[in-house]
Protein chains: 4
Amino acid sequence: MRILDAALMLIADHGVGGTSLQMIADAVGVTKAAVYHQFKTKEEIVIALTERELGRLDDALEAAEAEKSRTKAREVLLTRVIDMAIERRRAAATLQSDPVIVRLLAEHEPFQAYLTRLYGVLLGDASDENRVSAAMLSGAIGTAVVHPLVADVDDDELRTQLLILTRRLLALPE
Amino acid sequence: MRILDAALMLIADHGVGGTSLQMIADAVGVTKAAVYHQFKTKEEIVIALTERELGRLDDALEAAEAEKSRTKAREVLLTRVIDMAIERRRAAATLQSDPVIVRLLAEHEPFQAYLTRLYGVLLGDASDENRVSAAMLSGAIGTAVVHPLVADVDDDELRTQLLILTRRLLALPE
Amino acid sequence: MRILDAALMLIADHGVGGTSLQMIADAVGVTKAAVYHQFKTKEEIVIALTERELGRLDDALEAAEAEKSRTKAREVLLTRVIDMAIERRRAAATLQSDPVIVRLLAEHEPFQAYLTRLYGVLLGDASDENRVSAAMLSGAIGTAVVHPLVADVDDDELRTQLLILTRRLLALPE
Amino acid sequence: MRILDAALMLIADHGVGGTSLQMIADAVGVTKAAVYHQFKTKEEIVIALTERELGRLDDALEAAEAEKSRTKAREVLLTRVIDMAIERRRAAATLQSDPVIVRLLAEHEPFQAYLTRLYGVLLGDASDENRVSAAMLSGAIGTAVVHPLVADVDDDELRTQLLILTRRLLALPE
DNA sequence: GATGAATGAGTGTTCATTCAT
DNA sequence: TATGAATGAACACTCATTCAT
C-alpha cells in the first residue's frame, strides 16, 4: 500500500508527531480526503504500519516457536530480526522508539500479544540476566543500523558483525 | 531550570513533536509567553535540554580522555553512561532516538564536536567490529533501561547486569 | 470573490499590517481555516487583491498601447485611472501607499512588468520633468479622492476637476 | 530623540501596523521597558512622531499666515513642504497615507486644528477646483519623492521640478 | 532612567477530521 | 474512489502592556 510506504518513510524521518496527514497525502500524490477514505484516523495508519512491519517477523516467529531447542529458536528469530533491520535501516529505529508507537505497542491489545510471543522466544528463561540482555538487544539492533558510526559500513559486513555481537551478548556459542 | 525539567519529562513521554509549549508552560505553571521570555524558540529549549543532559557526561569524558589505557578509558565512560541511563530511566531512550533530537545532534555544531569526542573514547580503534559494537551500545543502554522486559528489575540489579553485558559485548575482561 | 472584497475594504481601513485573517474571516462569515483553504498565506491574499485591482486597468492599458499618438494614449489611460480611483475611493490610496503593498509591487515579478507597461504609457518620454510629473500623478489621484478636503465634493465634479488638473499638470491641451 | 528617529524609519519601511515596540527598542539598542519609560503607549510614540514632523512646518506656517497676499502665503508654505519632503524622502509618503496615522490626524484634536490652519493657507478660497487641487498636492508631493520613477533624479533637480509642477497645478505664475 | 520577568490576547498557520458531491 | 470546502482546536510565536526592582 503506497500510503503506508510513504507514511513509514516520513515517520522514520520526522517521527509520528512530526508527520501530518497532509505530508503523507502529498508524498503519495493524493488529497487528504483520499487518505481518509482508506484509514479512518491517523492512528489507524500508524497501527497498520506497525502491524505490517511487525508481520514481517511472522514466518520466523512461527518457525522459532516450532523449534524444540530454545537456543535454536532464539537464533532463528534473531537472524530474521537482524535481516529486517538491515533491509529497512531507516525505519528500524523509529518504529522501536517513537513515543507514540511505543505507547501503541504497550496499549493496543493485538500488539501486546504479539510482543509477548516475541519476548517468549527471545528470553529463553526469565532470569534477570536474560531479561536485561533481551532488553538491550531489542533496542541495540534497531539503533545500530542507523547509527552514524556505521553509516559507511556496508550491509553484509554490518550483518555479519551484528550476528557475532548478538551471539556474544547472549553468550551463545559463536 | 524548571522549564527544562518539565520539558524533559514531557518529551520523554510524548516526543518532541508531541510536546507543545502550552504543555510545558502548564507543567511549570506559567504562561507560554513566560517560557518564550527565556527561550526564543522551541528548538532552543530542546537544544538547552540536550546540552544539559549531555553535559552530565563531562566529568567522565574528561577523566576518560586523561586515561592512558584505552580500555580503562572506555570503562570509565561506559560506567558513567550506564549510571546516567539508570538515574534518568525515562528520558534516556527518547533523547537518543527522537527524530528531532537525532537531527539536532547531527546538525548542531557543538553537539557534533561533543559526540566526536564521545565516540573517540568509546571506539578504541575504528575497526568495523568496534564501530558496530559501539553503535549497538549507544542505543542498547538507553533502550534497555525503559524496556518493559526490565520494568520490574531494580536499579542496582539492572546496573550490575548492564555492566556485565556491556563488557561482554565489548570483549572486555569481566 | 467575497474574501477579496472583504479584505480590500478592511485593508483600505486598517492597512495590511492592521488587517488580520480573523478580521477577514469574520467579515466574510467563515472560519480562518476556510480562508486558508483558498489562499495559502496572507501575502497571497494581498497579491490576489492587488492583481485584481490592477487588472481593472487592463482594457485601458491595452487600448492605450494600441494608440499611435502618445498624447492620446496617456489620455486614455489617465481617464481610466481617474474613473477607477473615483469608483473605489476608499481603496485607492491604501493600495498605492501601504508599505506592504508597495514592497510587493516592487518585488513581485508580474507586478514589476505591469507597472513598467503602465509607466511606459504614462511617461511619454523619460525627461526629468516627465518623470516627476508622472510620479506626482501616481500618488496624487489616489490620495486626492480620499482626502478630507474633497469629502463633500460629489463624484462627477471631482472627476471633472481631476481631469482638468491632470491635463494641466501634464501640460496637455485642455 | 533617538526613539522617535528609529520609529520614524521603521514606520516608513513597515507601516505603523508592521512596526512593533520590540523592533523600535532593538533599533535604539534598549529594552522595550525603557521605551515604555518615555512613552506610555505605542500610540503616544506615533503621535509624538507625527507632531514632530508636522512641527517642522511651524515656521513656514506662521510666516505664511502673516502674509497679506494669499498667493504669496501659499508659495511660502508649499516651498517649505517640498523642501521637507525632499529632506526626508523615505518618511514623507508613509506619514501621509498610513491608515493609522491618517486616522490619528483625523481624530486627534490638536492635529485637526493644525491641519485646518494648513489647509486654510493652502486653499486660498474654497472653490471646488481649489479643494481638489489642494487635495492632489497633499498626496502628490509626499508620494512623488519616494516614487521609483524618480529614484535616480537628484534632490536639486527634483526640487526644481516639484516647484514648477506645483505652480502649474495651482495655476500660479511660473 | 532602565531592566527582566511576566501576562493575556492576538498573530499567521497547520492540525486531524467531516461531509456533500 | 476521490475530491474540495469547511471546521474547531491547536500550533509556535509576537503583541502591547505592566510592574517590582
Side-chain angles (χ1 to χ4, degrees), chain A residues 2-3 14 16-26 28-46 100, chain B residues 1-3 14 16-26 28-46 100, chain C residues 1-3 7 14 16-26 28-46 100, chain D residues 1-3 14 16-26 28-46 100:
Chain A
R2 296 175 52 229
I3 291 178
H14 311 99
V16 174
T19 302
S20 73
L21 277 163
Q22 190 63 253
M23 289 163 77
I24 296 173
D26 288 351
V28 179
V30 297
T31 47
K32 261 189 300 182
V35 176
Y36 267 96
H37 189 72
Q38 311 195 41
F39 299 93
K40 275 199 288 274
T41 64
K42 184 185 178 183
E43 190 179 26
E44 218 171 75
I45 295 177
V46 179
V100 176
Chain B
M1 175 107 50
R2 296 178 50 233
I3 291 178
H14 310 99
V16 174
T19 303
S20 73
L21 279 161
Q22 190 63 255
M23 290 163 76
I24 297 173
D26 288 350
V28 180
V30 296
T31 43
K32 256 187 307 177
V35 175
Y36 268 97
H37 186 68
Q38 313 200 42
F39 299 93
K40 275 195 288 276
T41 62
K42 185 184 179 184
E43 188 177 17
E44 217 172 77
I45 296 177
V46 179
V100 176
Chain C
M1 175 109 49
R2 295 178 51 233
I3 292 178
H14 311 98
V16 173
T19 302
S20 74
L21 279 159
Q22 190 63 256
M23 290 163 76
I24 296 173
D26 288 351
V28 180
V30 296
T31 43
K32 258 190 303 179
V35 174
Y36 266 95
H37 186 67
Q38 313 200 41
F39 298 93
K40 277 196 288 276
T41 62
K42 184 185 179 185
E43 188 178 17
E44 217 171 76
I45 297 177
V46 179
V100 176
Chain D
M1 174 105 50
R2 295 178 50 232
I3 292 178
H14 311 100
V16 173
T19 302
S20 72
L21 276 163
Q22 190 62 255
M23 289 164 77
I24 297 173
D26 288 351
V28 179
V30 297
T31 47
K32 261 189 300 181
V35 175
Y36 268 95
H37 189 72
Q38 312 195 41
F39 298 93
K40 276 199 286 275
T41 64
K42 184 186 179 184
E43 190 179 25
E44 217 171 75
I45 296 176
V46 179
V100 177

Could you state the interatomic distance from NZ (C:K32) to OG (C:S20), rounded to the nearest 0.5 Å?
-> 8.0 Å

Distance in angstrom units between C:I24 CD1 and E:dG10 C1', rounded = 15 Å

Please list, chain by chain and in numerical order, all residues satisfying side chain to side chain contact (heavy atoms under 4.5 Å, CB included) with A:V35, sequence neighbours excluded.
-> A:I3, A:L21, A:A25, A:V30, A:I45

Any side-chain heavy atom of B:T41 within less than 4.5 Å of one from B:E44?
-> yes

To the nearest angstrom, the NE2-P distance between B:H14 and F:dA10 comes to 14 Å

Flag side-chain contact, heavy atom, 4.5 Å: B:V16 against B:K42 = yes

Side-chain N or O of D:T31 closer than 4.0 Å to phosphate OP1/OP2 of E:dG4 = no

To the nearest Å, how far apart are B:E44 CD and F:dC13 P?
-> 10 Å

How long is the span from the NE2 atom in B:H14 to the CE atom in B:M23, to the nearest 0.5 Å?
-> 4.5 Å

Starting from P on E:dC15, measure out to CD on B:Q22 and report it in whole angstrom.
-> 19 Å

When rounded to whole Å, the CE to C1' distance for the pair B:M23 and F:dA12 reads 14 Å

Crowded around B:Q22 CD? As in, over 12 foreign heavy atoms under 6.0 Å?
-> yes

Can a side chain N or O of D:Q38 be found less than 4.0 Å away from OP1 or OP2 on E:dA2?
-> yes

Interatomic distance where CZ belongs to C:F39 and P belongs to E:dT14 [whole Å] | 15 Å

Protein-nucleotide distance (B:I3, atom CD1; E:dA5, atom P), rounded to Å | 10 Å

Think B:S20 has a side-chain N or O under 4.0 angstrom from the OP1 or OP2 of F:dC11?
-> yes

Contacts of A:G17 and C:V16 projected onto DNA chain E by closest heavy atom; the upstream (5') one is C:V16

Using the 3.5 Å cut-off, write out each protein N or O paired with an N or O of nucleotides 17-19 of chain F and the distance between them.
residue	atom	partner	partner atom	Å
F:dT17	OP2	D:Y36	OH	2.8
F:dT17	OP2	D:K42	N	2.7
F:dT17	O5'	D:Y36	OH	3.3
F:dT17	O4	D:K32	NZ	3.4

Dot-bracket notation for DNA chain E, counting Watson-Crick and G-U pairs under 3.5 Å, with | for partners on another strand | .||||||||||||||||||||

Find the distance C:D26:CG to F:dT7:C1' and express it as a whole number of Å.
-> 14 Å

Looking at C:H37, does any N or O in its side chain come under 4.0 Å of the phosphate oxygens OP1/OP2 on F:dA5?
-> yes

For A:V28 and A:R2, work out which heavy atoms get closest and say how close.
-> O-NH2, 2.9 Å

